[in-house]
Structures are given as C-alpha cells and as structure tokens.
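Report on one structure; see the data block that follows.
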Amino acid sequence: MKFNKFTAFVVAVVSTVITGVALAQFAKPESAIKYRQSALSVMGTHFARIAAVAKGEVPYNKDDVMKNAAIVNTMASLPWQAFGPGTEGGSALPAIWTETDKFKSSQEKLISAAASLNSAAQSGDLDAIKKATAATGATCKGCHDEFKKK
Ligand code: ASC
C-alpha cells in the first residue's frame, strides 16, 4: 500500500472519529449507568478531600489540594456523555431527558466551577480555595436537587 500524506490524514481522521464514537456510545444502558456512576464517584471522592480541607477537618497541603482539584477538573466533563437517550435508570431522574437544556446548563456550571477550583488550588490561596470549594459544591447540590433521586 502506498502510504502518503493523504493516507496518513485519512487514517488520522478515521481514528479520531472512531475514538469520538467510542466515547459517546456504550454497549448497553447498564454500561452507561456504571460509567457515569463511577465517574461521579471518583469526582465526589476527590472533591470531598478538598471539602475536608476547606472545612478545617484536614490540614491544608497545597500539593494535595492541587492533585485533588486536577482530578475533579478532569472528571467534571466525563459523566455527561453517559446520559444518552435510552440510558434512564440508576439515580437519574427522568427530568434529565426532558429538561435537556437545564441539565446541560447544570453540567456547564460544574465544569466552570471545577476549572475555577483548579485555578484556586494552583494559586495556593486557602481563602480562594474555600470560596471555590463552596461554589463547586453548590453546583453539585443544585444538580442533585433537580436531577437525582433522593
Ligand atoms: C461531595 C459529593 C457530592 C457533593 C455534594 C455537595 O463530596 O460526593 O455529591 O460533595 O454533596 O453539596
């Protein structure tokens, strides 16, 4: 096979598209539910470690908060691909699939708050970390109040 620049380009585009599809799709609804619950659980675990510092329950260590905030920031964008059509179930309320704009806006609030928390963590300013932690926690709670079973 002749392997020229065009072939390389086609291979790159096809690989990118396949990766995108693989990220957006799950073999069965239970796989999507497991994925989103896992992503949210990892995010919650690392957010809780920062929240413990913000509450003064755990001594402040800049490096630890930075590591946890980086994980929260990465995880914040992941669960949402697993709420596709036909994946109702778990702790998800039906409103997720009927109030899609509102759900999307909730996701964006978290993603934005997690990015600010990540910046605050890097700044090393504990007061800024406390504020950003409260703001991030409020987006978690806001979304749970609207879209998560009690
Ligand atoms: C956590 C966690 C959540 C949020 C939420 C904030 O640590 O697991 O879901 O904080 O309780 O209000």
Side-chain angles (χ1 to χ4, degrees), residues 11-150:
V11 168
V13 169
V14 169
S15 312
T16 304
V17 169
I18 289 172
T19 305
V21 169
L23 276 174
Q25 289 184 344
F26 295 89
K28 40 187 174 33
E30 305 85 83
S31 309
I33 293 169
K34 189 174 177 186
Y35 179 97
R36 69 201 187 208
Q37 289 181 342
S38 304
L40 288 158
S41 169
V42 171
M43 179 161 55
T45 296
H46 292 275
F47 178 70
R49 289 181 189 169
I50 302 171
V53 173
K55 281 186 261 176
E57 295 167 359
V58 171
Y60 172 55
N61 176 286
K62 185 183 177 186
D63 200 47
D64 287 347
V65 170
M66 270 174 55
K67 284 176 185 162
N68 286 315
I71 293 168
V72 171
N73 192 30
T74 299
M75 300 312 293
S77 65
L78 296 181
W80 323 118
Q81 61 182 292
F83 286 91
T87 66
E88 290 86 347
S91 304
L93 285 176
I96 286 172
W97 291 273
T98 55
E99 296 176 42
T100 49
D101 289 352
K102 206 171 179 186
F103 185 53
K104 177 85 182 153
S105 144
S106 285
Q107 298 165 23
E108 285 163 357
K109 281 178 193 157
L110 167 70
I111 290 166
S112 162
S116 298
L117 178 58
N118 198 32
S119 301
Q122 288 167 9
S123 78
D125 177 346
L126 182 56
D127 198 49
I129 292 166
K130 285 181 182 175
K131 283 179 184 143
T133 301
T136 304
T139 71
C140 302
K141 186 178 185 306
C143 193
H144 292 169
D145 287 349
E146 299 268 359
F147 297 110
K148 189 184 176 197
K149 285 181 192 162
K150 297 289 173 300

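Note that ligands are numbered from 1 as they come in the structure, with each ligand's atoms numbered from 1 the same way.
Taking the six-membered ring where the residue is Trp, the centroids of Trp97 and Phe103 are separated by 6.0 Å or more.
Atom CG of Asp145 has more than 12 neighbouring heavy atoms from other residues, nucleotides or ligands inside a 6.0 Å radius.
The backbone and the side chain of Ala48 each have at least one atom closer than 4.0 Å to an atom of ligand 1 (non-hydrogen atoms only).
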Worksheet entry | Worked check of side-chain contact (heavy atoms from CB on, under 4.5 Å) between Phe47 and Thr133 | CA-CA 8 Å; Phe47 178 70; Thr133 301; 3.8 Å; yes
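Ligand 1 is never approached by Met43 to a heavy-atom distance shorter than 4.0 Å.
Remark: minimum distance from atom 6 (C) of ligand 1 to any protein heavy atom is reached at Gly137 O, 3.4 Å. For atom 2 (C) of ligand 1, the nearest non-hydrogen atom of the protein is Gly44 CA, 4.2 Å. For atom 5 (C) of ligand 1, the nearest protein heavy atom (residue, atom name, distance) is Cys140 CB, 3.8 Å. Closest to atom 1 (C) of ligand 1, if we only count protein heavy atoms, is Phe47 CD2, 3.7 Å. Protein heavy atom at the shortest distance from atom 9 (O) of ligand 1 is His144 CE1, 3.0 Å.
At distances below 3.5 Å, at least one donor-acceptor pair connects side-chain atoms of Ser38 with backbone N or O atoms of Lys34.
The protein does not reach atom 11 (O) of ligand 1 closely, with no heavy atom under 4.0 angstrom from it.
Using a 4.5 Å cut-off on side-chain heavy atoms (C-beta onward), Gln107 and Leu110 make no contact. Contact of the Glu146 side chain with the Lys102 side chain is registered, since non-hydrogen atoms from C-beta on lie closer than 4.5 Å.
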